[in-house]
Protein chains: 2
Amino acid sequence: MRVTIYDVAKQAGVGIGTVSRVINNSPHISPKTRDKVLKVIKQLKYQPYVMAQGLARKKTNTIACIVPYFTGYFYFELLNGVQQALSRNGYDLILYSVDLFEKKEDILKRTLRERRVDGVLVSSMTISDNYAAKFIHSKIPVALVDGFHQLLDSITIENHEGAYLATSHLLKLGHIKIGMINGCLNSVPAKIRLQGYKQALIDNNITLDEQCIFNVEPNAEPALRNNDGFNKLAGYIAMKKMLALRKNRPTAVFISSDIKAAGAIKAIQEHGLKIPDQIAIVGFDGIELSEYLGLTTMKQPMFKMGDLAVKILINKIQNGVNNEKVFKQLFHPQLVVRETCGASLVQADYR
Amino acid sequence: MRVTIYDVAKQAGVGIGTVSRVINNSPHISPKTRDKVLKVIKQLKYQPYVMAQGLARKKTNTIACIVPYFTGYFYFELLNGVQQALSRNGYDLILYSVDLFEKKEDILKRTLRERRVDGVLVSSMTISDNYAAKFIHSKIPVALVDGFHQLLDSITIENHEGAYLATSHLLKLGHIKIGMINGCLNSVPAKIRLQGYKQALIDNNITLDEQCIFNVEPNAEPALRNNDGFNKLAGYIAMKKMLALRKNRPTAVFISSDIKAAGAIKAIQEHGLKIPDQIAIVGFDGIELSEYLGLTTMKQPMFKMGDLAVKILINKIQNGVNNEKVFKQLFHPQLVVRETCGASLVQADYR
DNA sequence: CTATTTTATGGAAGCCCTTCCACAATTTGT
DNA sequence: ACAAATTGTGGAAGGGCTTCCATAAAATAG
């Protein structure tokens, strides 16, 4: 029925081992037989059956990518980098999107047991020590992107620096009263961005006004907490609250994610205020959407991060996991100045 | 080393066949042994090894989804539907993104031969008769989304109707001079949308003005042709050209994709014109971005389309392919009125 | 209570590869 | 020229599962 390695071997008048060696271009094979076998392979349109290879090799040539899906664009750009790096190396991508917390556990567990993949890329999620240990023990390499664990390869962004720069930018533009809209503080990036923001104010001798800082409460309704509070609705609601402030309303806001900024902008427009004249905004992430919104933001090199994560994984897959050597890479976010901060305008690039 | 079915069998004091039957909950098994086996499975944390299952069953419980990646948002929403439907059914998703034409062929070929997947979902791509025949012959079910082939299950949108309605909407708002910005005419949707647009004008006794119709030439530079001409840059360039018209410049434009509309809007802003006062716009697709742009558009139910495609595939996978019965489903796009057309405003929904 | 049907169970064969060992053929050294 | 080292090749074993056939046990019938 389907063409197997036996058919090829018979047709070419060689042993199956030889065919296998040709397929995997093992060195010890004479050019003559190689050609002969290759010809038959082409003629029979033979293609090795991945499942069987997987079983025999105990490799799948596949990596899993686990992302919290519904947050959208951020992952989209990351996936692009991942996808390209993978296909360059002949790996396939199995995509898992996680909406609920339990599902995350579920998927981690499955990845661990089923061994359907050779490596796992986890984006924007905390991995419990428990699972970290399990993965290490299983020897399945894991790379965290936009997430950190002491014992796992982690690719992160300098959140403190980013928040600091974003806030500083607003300060330089002359703003004194700068608020912050943030995610849930149980998310590490949110916490650190808050610190960066505070530090910038402190370094400029500005007293903090806690009532201008809007975090998402850990016990908020699910729609607000979704994705650690980095979602449109939460931004919208937070900005509504901020706009309702009777006195000392900020003239500028650092919003710790672009998607929240999108919600916030909507709220501002509904309120009838002008951006950036009456309220200036700087976001965080640099997703494509920010371009359309004219949003000044701290851009994360997501494509690069995805690319790097894949390289790390493939390296470990091919050269074996060495748990002593944990890879940590810190990327620096970059300020992209657009309209919402009130500084000079920059053309969106069309490339 | 790893726990196999043999370990479970031994530990439970049964045969491997019995264990297998428990795993696949085959009917002919006594409750007593089932419980016994299940207990051991839990105790040993046994999880079947997918590769081996795949080899034995000749099923992979995986479907491939092939999308042209770089166009972005459209597929993002589609994938959401796909992903949810799949995970509900215990299937995994292998994602292939295609940038170049050759790569498409490549991936189709691989899917066909490697048999890594049980079914293939192809989005927004034409499948040659050649490959259609190959897939049919291979018995690997294929579903086309936003694409059509006589012999393959196809889920499409009523492009003619959509374009007609979009254009009619502008006509109803009083516009007489309505232009169109379109993709490459060798893409079927582009061709049909053009027809719909023309029909609407004809039905309203408006003479066509070919100079107000901007298709992407098949020999245009690659950046413009990308994704059949449905890209930002092409929209930007087309609008620039339209704005340069000396006389009889349209007061409204139907743009056959939201992403192109995004580019066009940029061009209009640069030109210093006001939307919708000086130029009204209706797009097509209803990607999330349209919401941010305040773009009036014809919304495609992408989530639903993805969901349906998966259902079709899984059905065929589980009940066998019946090539006599080809499934065709036509969805209707829906007009979403926002700011860019100049009709009454509608709140973006925050849910 | 025995004969027949039904239901439950064990395990060999098979799915398609890779890998390793043994052996054959060739090359190198002397 | 022959021994030793090197290179090339065949095919068995093994990877972990499903499935089918044979057999054992239980249920039903007479």
Side-chain angles (χ1 to χ4, degrees), chain A residues 1-38 40-41 44-62 90 110 112-118 138-139 317-318, chain B residues 1-38 40-41 44-62 90 113-118 139 318:
Chain A
M1 148 102 231
R2 90 185 307 278
V3 185
T4 75
I5 205 169
Y6 290 92
D7 302 321
V8 176
K10 197 190 290 175
Q11 182 78 221
V14 300
I16 54 163
T18 304
V19 177
S20 176
R21 259 156 289 184
V22 170
I23 294 165
N24 303 288
N25 44 93
S26 133
H28 296 300
I29 204 142
S30 77
K32 216 188 299 177
T33 37
R34 157 167 283 122
D35 287 352
K36 190 167 57 181
V37 171
L38 284 176
V40 176
I41 286 180
L44 260 49
K45 296 187 179 180
Y46 167 74
Q47 183 107 356
Y49 185 48
V50 229
M51 287 284 138
Q53 283 186 317
L55 181 57
R57 279 209 271 252
K58 303 185 150 196
K59 289 272 148 138
T60 62
N61 265 270
T62 304
R110 268 181 60 198
L112 218 40
R113 298 255 192 80
E114 282 184 348
R115 299 202 155 255
R116 173 188 284 263
V117 296
D118 298 337
S138 77
K139 307 251 179 201
I317 290 167
Q318 288 172 353
Chain B
M1 147 103 232
R2 90 184 307 279
V3 185
T4 74
I5 205 169
Y6 289 93
D7 302 322
V8 176
K10 197 190 288 177
Q11 182 77 221
V14 299
I16 52 163
T18 305
V19 177
S20 175
R21 260 159 300 205
V22 170
I23 293 165
N24 303 288
N25 44 89
S26 131
H28 296 300
I29 204 140
S30 78
K32 216 189 298 177
T33 38
R34 156 167 284 122
D35 287 352
K36 190 168 55 183
V37 171
L38 283 176
V40 175
I41 285 179
L44 261 48
K45 296 186 179 179
Y46 167 75
Q47 183 107 355
Y49 185 47
V50 227
M51 289 284 139
Q53 282 187 317
L55 182 58
R57 276 209 273 250
K58 304 183 153 198
K59 289 270 150 143
T60 63
N61 266 271
T62 303
R113 297 253 193 80
E114 281 185 347
R115 297 201 156 258
R116 172 187 285 263
V117 297
D118 297 338
K139 307 251 181 202
Q318 288 172 354

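Summarising the geometry, the separation between OH on B/Tyr6 and C1' on C/dG10 is reported as 12 Å, rounded to the nearest angstrom. What separates CG of B/Asn24 from P of C/dA8 is a distance of 16 Å, to the nearest Å. Going from atom CD1 of A/Ile5 over to atom P of D/dA12 covers 14 Å, rounded to whole Å. Between A/Asn25 atom CG and D/dG8 atom P the separation is 14 Å, expressed in whole Å. Across the protein-nucleic acid pair, A/Lys59 atom NZ and C/dC17 atom P stand 19 Å apart, rounded to whole Å. Between B/Arg2 atom CZ and D/dG15 atom P there is a gap of 12 Å when expressed in whole angstrom units. Note: CZ (A/Arg34) to P (D/dT9) measures 10 Å, nearest angstrom. If you measure from atom CZ of A/Arg115 to atom P of D/dG15, you get 15 Å, rounded to the nearest angstrom.
The distance from the CG atom of A/Leu112 to the CD atom of B/Gln47 is 9.5 Å, given to the nearest 0.5 Å. Note that the CG atom of B/Leu55 and the CG atom of A/Leu55 stand 5.5 Å from one another [nearest 0.5 Å]. If you take CZ on B/Arg115 and CE on A/Met51, they are separated by 11.5 Å, rounding to the nearest 0.5 Å. Atom CZ of B/Arg34 sits about 10.0 Å away from atom CD1 of B/Ile41, to the nearest 0.5 Å.
Across every non-hydrogen atom of B/Lys58 and A/Tyr49, the tightest pair is CA-OH, 3.9 Å. The heavy-atom pair separating B/Ser30 from B/Thr33 by the smallest distance is OG-OG1, 2.8 Å.
Set against C/dC17, D/dT9, C/dG10, the side chain of B/Val14 has C/dG10 as its closest nucleotide. Which of D/dT18, C/dT19, D/dG16 sits closest to the side chain of A/Lys58 comes down to D/dG16.
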Could I get a table of every N or O pair under 3.5 Å where one atom is in the protein and the other is in nucleotides 4-6 of chain C?
none

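At the phosphate of D/dT9, OP1 or OP2 sits under 4.0 Å from a side-chain N or O atom of A/Thr33. Remark: B/Ser30 is not in phosphate contact with C/dT7, judged by side-chain N or O atoms under 4.0 Å from OP1 or OP2. Checking the phosphate oxygens (OP1, OP2) of C/dC16, no side-chain nitrogen or oxygen of A/Thr4 falls inside 4.0 Å. In terms of phosphate contacts, A/His28 brings no side-chain nitrogen or oxygen within less than 4.0 Å of OP1 or OP2 of D/dT7.
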Q: Please lay out, stage by stage, how B/Leu38 and B/Val22 fare under the test side-chain contact (heavy atoms from CB on, under 4.5 Å).
A: CA-CA 7 Å; B/Leu38 283 176; B/Val22 170; 3.7 Å; yes
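A side-chain contact (heavy atoms from CB on, under 4.5 Å) with B/Tyr46 is found for one member of B/Val40, B/Val3, B/Val37 and no other, namely B/Val3.
Looking at residues 46-56 of chain B, you'll see B/Leu55, B/Ala56 sit with a heavy atom under 4.0 Å from some atom of DNA chain C.
Contact annotation for B/Ser20: base contact, defined as any heavy-atom pair under 4.0 Å involving a base atom. Within the nucleic acid shown, B/Ile29 comes within 4.0 Å of sugar-phosphate atoms alone, with no base atom in reach, counting heavy atoms only.
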Side-chain donor-acceptor pairs under 3.5 Å in residues 5-20 of chain B, sequence neighbours left out?
from, atom 1, to, atom 2, distance (Å)
B/Asp7, OD2, B/Thr4, N, 2.8
B/Ser20, OG, B/Asn24, ND2, 3.4

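At a threshold of 4.5 Å between non-hydrogen side-chain atoms, the residues A/Gln53 and A/Asn61 do not count as touching.
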